[in-house]
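Lettering follows sequence order; numbering is per chain, from 1.
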Number of protein chains: 2
Amino acid sequence: MATIYQVSELAGVSLATVSRVMNKNTRVSDKTKQKVLDAMEQLGYKPNSIAQSLASNCTNSVGILVSELHGPFFAQMMAGIESELRAAGKHVIITTGHSEEDKEQEGIEFLISRRCDAIILHVEAVSDDYLIKLSKGSTPVYLMSRYVEQLKDNCISLDNQLGGYLATKSILNQGHTQIAYIAGPQFKADAFNRLEGHKQALVEAGIKLDPTLFYIGDFNETGGSKGLKHFIDEKLSFTALVCANDEMASGAMKYAREHGYNLPNDLSIVGFDNVIFANYLYPTLTTIDNPVGKMGEMAAKLVLKDVYQNKNLVINRFFEPTLMQRDSSAPLIK
Amino acid sequence: MATIYQVSELAGVSLATVSRVMNKNTRVSDKTKQKVLDAMEQLGYKPNSIAQSLASNCTNSVGILVSELHGPFFAQMMAGIESELRAAGKHVIITTGHSEEDKEQEGIEFLISRRCDAIILHVEAVSDDYLIKLSKGSTPVYLMSRYVEQLKDNCISLDNQLGGYLATKSILNQGHTQIAYIAGPQFKADAFNRLEGHKQALVEAGIKLDPTLFYIGDFNETGGSKGLKHFIDEKLSFTALVCANDEMASGAMKYAREHGYNLPNDLSIVGFDNVIFANYLYPTLTTIDNPVGKMGEMAAKLVLKDVYQNKNLVINRFFEPTLMQRDSSAPLIK
DNA sequence: TTGTAGGCGTTATCAT
DNA sequence: ATGATAACGCCTACAA
């Protein structure tokens, strides 16, 4: 691998001059510039980004921590972040936290030790205090789908309460009044706020939240099937089921069908997130669109603006979910 | 950020000694070792991995190029690679190629310029010759789901032909003889070999490949729906449909259902890959399990063994797919 | 076992 | 506009 020094020799200029033509900021005479360019070409010179990083104290890399690499939700998010960053010549270092506190912390330290210029986190287990302390360090921290008041300028978040509200509201609008709800783990802010929205819609409609028609799932498919099983086993009466995410909705749909339910006539089901497979389900799943891809792009833009001085980028830190009415929910048949 | 120099000062030893306690290979007396450890602790010292990389000419990072970040197929693969590598203290730099030749090449150069210790590629558009030339460079290259004879030691691949064979064979075993096939883009080796397997099964059963019951799709959902539409519009007679991947199978299932087909009685459908949502479809999709996650882990192990001298790892470069018989295919009803 | 010193390939600050 | 030269933080012969 050719070095900058060899280029300078072949071009008959100093090493500093070569560096200058690479970092286009300072002026170099056209003649010498051409000599340098030719020399680079001839040697097939590629700058060593590691050395550049060490000297400039800038790695051009941003760390990303997600809960899981598989899973449609994170995939969309990463795709958004990567494409935006890549276009700006930055690269991403991706690691996982598995929604466990120690693994999340370990992942974060890992990214920091790698000297990322910034880190974008989708963390669930770690505490607000930890994040606040973390953000006082020298590596800028950005949060996806998590809102921490003291860090609000660095948060890209979704109005989960609005989403929860829209989901239940859509069911209420279809005439349902006996509505079961399968929530996500309540330590996750997303899950908590979605439930808040559910409650809000019920209150607004003058309906009491029936504590028996409430189940806390695990955000996985099994959570949905177990939840529905629970409601059925208890012989409860309900015509609609709202789930705090699509995976659980899918599990519930499957369980319902296996137990002779005709969907959506016997039971209306609504999910949340609009992950890719929501549209593959049968019937296609009515859900709340969570624009994670767009949010990922925005997080990347925010980093580009804050950390890489890309001034004229317009930032929107707050996204609103929308209802995707499909076939898994339908007006109540009396 | 504390440097190794500050640690050495506080510990009252030389800088080299500090370096030694970090790189546990050379012996240091317990007493001085403890002094150093204490000093590190006190200063909250974290080695600068960039400087380490420059000095040691090892970045502890491996580059990964996939076609897409979203998409269940790649997600599984990356999850496998990342978990294995992460456990060994290496990290992954991920980028995308979008199945386009220039983007794939650009991605590869990008990873190399980052001085990755190795790169793991899932490329589709780039030529074998390019890969062969690439592998002569200083960065070790590993290929996922692509077999290039000259690079065979660095390939982790699936027996796609066997998979294609198993898919069609399963349908034949169920008594079907009029079998439509929706292939993937034939420039992709996976797609080509799956088709070969299909042909092989037909030949073995003494059935001629009916060229009218053949359609080339795009590996996306629309490819499946378009393919089935084509067969139906042409008023062709067939009782089973084999698709070269699950996305297309899903599209075909959807189209079939929308057009009054009762699945699987009116039409048996088989996919390929066993991506996550295959089990979410209705009816659940009979498909060929493609162990991408395991293959990702294996690719990581191969890198660990070759590049990072992790001697005692057992490598298996060749994976065999298996049939996942589910509900979308059933014995032919006469 | 420990210390000294040169080198890794750049960037950046001085001069000139 | 260009050229020396000192960082950047660490590794690693080579010496002691």
Which pairs count as salt bridge (charged side-chain N to carboxylate O under 4.0 Å, His left out) when at least one residue sits in residues 126-143 of chain A, sequence neighbours excluded?
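Non-adjacent pairs meeting salt bridge (charged side-chain N to carboxylate O under 4.0 Å, His left out): A:Asp128-A:Arg146.
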Between the side chains of B:Glu106 and A:Arg86, is the shortest nitrogen-to-carboxylate-oxygen separation below 4.0 Å, so that they form an ion pair?
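Yes.
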Write down the distance between NZ (A:Lys33) and P (D:dT2), rounded to a whole number of angstrom.
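In whole Å, D:dT2 P and A:Lys33 NZ are 11 Å from each other.
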In whole angstrom, give the distance that lies between atom CD1 of A:Ile50 and atom P of C:dT10.
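Whole-Å distance recorded here is 11 Å.
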Would you say the side chain of B:Asn48 lies within less than 4.5 Å of the side chain of B:Met1, judging by non-hydrogen atoms?
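In short, these two side chains do not touch, never coming nearer than 4.5 Å.
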Taking the side chain as everything from C-beta on, heavy atoms only, tell me whether B:Val148 gets closer than 4.5 Å to B:Leu143.
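SC-SC contact between B:Val148 and B:Leu143 confirmed.
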Test applied, side-chain contact (heavy atoms from CB on, under 4.5 Å); reference residue, B:Gln105; option that passes from B:Leu65, B:Val123, B:Val126
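Among B:Leu65, B:Val123, B:Val126, the one meeting side-chain contact (heavy atoms from CB on, under 4.5 Å) with B:Gln105 is B:Val126.
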Could you run down nucleotides 6-16 of chain D 5' to 3' and tag each one B, S or - for protein heavy-atom contact under 4.0 Å?
--BBBBBB---
For A:Ser53, which contact category applies under a 4.0 Å heavy-atom criterion: base, sugar-phosphate, or nothing?
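Nothing, no nucleic acid heavy atom in range.
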Honestly, is B:Lys90 close enough over B:Tyr308, meaning NZ or CZ under 6.0 Å from the six-membered ring centre and within 45° of the axis?
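Positive - B:Lys90 is close enough to the ring of B:Tyr308 and near enough to its axis.
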Shortest side-chain distance from B:Ser14, nucleotide among C:dT4, D:dG3, D:dA1:
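Out of C:dT4, D:dG3, D:dA1, the nucleotide with an atom closest to B:Ser14's side chain is C:dT4.
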